[in-house]
Trainee: 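Pasting in a structure now, in structure tokens, and then I'll have a few things to ask.
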2 protein chains.
Amino acid sequence: MSDVFHALAAPARRAILDELHERDGQTLYELCTRLTMKHDLEMSRQAISQHLDVLEAAGLITTRRDGRYKFHYLDTGPLRAIVERWRVPDPEE
Amino acid sequence: MSDVFHALAAPARRAILDELHERDGQTLYELCTRLTMKHDLEMSRQAISQHLDVLEAAGLITTRRDGRYKFHYLDTGPLRAIVERWRVPDPEE
DNA sequence: AGCATATGCAAGCTTCTACTTGCATGTCAA
DNA sequence: TTGACATGCAAGTAGAAGCTTGCATATGCT
């Protein structure tokens, strides 16, 4: 799971995760417009597409094809390994 | 806290955190020998020193000077932000 | 003081990463 | 089928990151 850390290293990819966390299941074009609008990120479509590939390879997002649309869904499962690796105490304690 | 993600991106730095998690408060030289022995990492002293600087800048380790020795301590506090950012569910649930 | 130990600083090099650019593929509607 | 829409692929480029190399500073022991 070394790819997870690498995927999280880029600010642009964390912004994409933020976007999907706020509104799950977006297409590439939706992400392009919303990232430009809300997060003040001027990223080209190809740049975002490549970031999505990295995030999917890391298991942080899953995709679903439907015709010419491809929807992207956030998956925070791989982040659990980070928490457990160095025994991060819970905020409740 | 963008530095935290960048600090975690390098496998060598994660190995250093692993070492400090197993045995806290090591000096630079201790880390050099133990990383070479146990983790099969052939890293120079300068390389490890630079990694420690990055980890300290990210707040993942703290240091204490005593004479010519400098001890390094693990601090998992900044990792909590990762958990809370995308609402990673607890393993208990 | 003199020497070994422990760490710090900085320039140079190589590799990788993120982004761009240009074109290709596939889907749907008229 | 034609054209617009949505995405995919791949080469090229500028910048950053990690590591090395060489020397410098500082502490402790004899």
Side-chain angles (χ1 to χ4, degrees), chain A residues 1-20 23-37 39-58 60-73, chain B residues 1-20 23-37 39-74:
Chain A
M1 295 296 170
S2 171
D3 294 331
V4 179
F5 296 97
H6 169 246
L8 292 173
R13 286 193 286 266
R14 296 197 295 274
I16 292 177
L17 294 183
D18 288 337
E19 241 316 298
L20 289 178
R23 182 193 179 101
D24 209 14
Q26 295 189 55
T27 66
L28 175 58
Y29 253 82
E30 281 183 278
L31 285 168
C32 286
T33 56
R34 289 178 64 106
L35 284 171
T36 304
M37 299 293 182
H39 299 263
D40 283 336
L41 283 176
E42 291 287 345
M43 280 199 294
S44 69
R45 179 183 61 83
Q46 289 83 351
I48 297 182
S49 177
Q50 287 169 358
H51 283 308
L52 288 173
D53 290 339
V54 175
L55 289 170
E56 188 175 9
L60 287 167
I61 63 173
T62 58
T63 59
R64 184 177 59 88
R65 259 284 189 188
D66 186 24
R68 55 178 167 176
Y69 299 103
K70 188 178 182 183
F71 303 100
H72 301 83
Y73 300 92
Chain B
M1 294 299 168
S2 170
D3 295 331
V4 178
F5 296 97
H6 169 245
L8 292 173
R13 286 194 285 267
R14 296 197 296 273
I16 292 176
L17 294 182
D18 288 336
E19 241 315 298
L20 289 177
R23 181 194 180 102
D24 209 15
Q26 295 190 55
T27 66
L28 175 58
Y29 254 82
E30 282 183 277
L31 286 167
C32 287
T33 55
R34 289 178 63 105
L35 283 171
T36 304
M37 299 291 183
H39 300 263
D40 282 335
L41 283 176
E42 292 287 343
M43 280 199 293
S44 70
R45 179 183 61 83
Q46 289 83 351
I48 297 181
S49 176
Q50 289 169 357
H51 283 308
L52 288 173
D53 290 340
V54 175
L55 289 170
E56 188 176 9
L60 288 168
I61 64 172
T62 58
T63 59
R64 184 176 60 88
R65 258 284 190 189
D66 186 23
R68 57 177 165 175
Y69 299 102
K70 188 177 184 183
F71 303 100
H72 304 266
Y73 300 92
L74 180 62

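Remember, predicted model here, so these are calculated numbers, not experimental data. So that the names make sense, note that chain A is the first sequence line, chain B the second, and so on, each numbered from 1.
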Trainee: For B/Arg23, which residues count as a salt bridge (charged side-chain N to carboxylate O under 4.0 Å, His left out) partner, sequence neighbours excluded?
Mentor: B/Glu30
Trainee: Under 4.0 Å from OP1 or OP2 of D/dC19: is there any side-chain N or O of B/Ser44 that close?
Mentor: no
Trainee: Rounded to whole Å, please give me the gap between CD in A/Gln26 and P in D/dT7.
Mentor: 11 Å
Trainee: Residues two or more places apart in sequence or in another chain: which of them pass salt bridge (charged side-chain N to carboxylate O under 4.0 Å, His left out) with B/Asp24?
Mentor: none
Trainee: Tell me the closest heavy-atom pair linking A/His72 and A/Leu28, and the distance in Å.
Mentor: CE1-N, 3.9 Å
Trainee: What string of B, S and - do you get for nucleotides 25-30 of chain D, 5' to 3', when a contact is any protein heavy atom under 4.0 Å?
Mentor: --BS--
Trainee: What is the separation between atom CD1 on B/Ile48 and atom C1' on C/dG8, rounded to the nearest whole Å?
Mentor: 15 Å
Trainee: C/dT7 P sits how many Å from B/Glu56 CD, rounded?
Mentor: 13 Å
Trainee: Quick one: OG1 on A/Thr27 to NZ on A/Lys70, what's the gap to the nearest 0.5 Å?
Mentor: 11.5 Å
Trainee: Assuming nearest nucleotide by heavy-atom distance, tell me which of B/Thr27 and A/Ala9 is located more 5' along DNA chain C.
Mentor: B/Thr27
Trainee: Where do A/Leu20 and A/Gly25 come nearest, in terms of heavy atoms and distance?
Mentor: CD2-N, 4.3 Å
Trainee: Tabulated below should be each protein N or O lying under 3.5 Å from an N or O of nucleotides 9-16 of chain D; please produce it.
Mentor:
none

Trainee: Counting only N and O atoms by type, is there a donor-acceptor contact under 3.5 Å from the side chain of A/Arg13 to the main-chain atoms of A/Ala15?
Mentor: no
Trainee: Between B/Ala47 and A/His72, name the one whose nearest nucleotide on DNA chain D is closer to the 5' end.
Mentor: A/His72
Trainee: Mind checking whether B/Leu52 and B/Leu31 have side chains closer than 4.5 Å, heavy atoms only?
Mentor: yes
Trainee: By the salt bridge (Lys or Arg N to Asp or Glu O under 4.0 Å) test, which pairs, at least two apart or in different chains, include something from residues 44-64 of chain B?
Mentor: none
Trainee: Please give me the minimum heavy-atom distance between B/Arg14 and B/Leu8, naming the atom from each residue.
Mentor: NH1-O, 2.7 Å
Trainee: For B/Ala58 and B/Asp3, which heavy atoms make the closest approach, and how far apart are they?
Mentor: CB-O, 3.7 Å
Trainee: For C/dT27, does OP1 or OP2 lie under 4.0 Å from any side-chain N or O of A/Lys70?
Mentor: no
Trainee: Roughly how far apart are A/Gln26 CD and A/Leu35 CG, rounded to 0.5 Å?
Mentor: 7.5 Å
Trainee: Distance check needed: C/dT7 C1' versus B/Arg64 CZ, whole Å only.
Mentor: 16 Å
Trainee: What residues from residues 28-36 of chain B pass a heavy-atom cutoff of under 4.0 Å to DNA chain C?
Mentor: B/Leu28, B/Tyr29
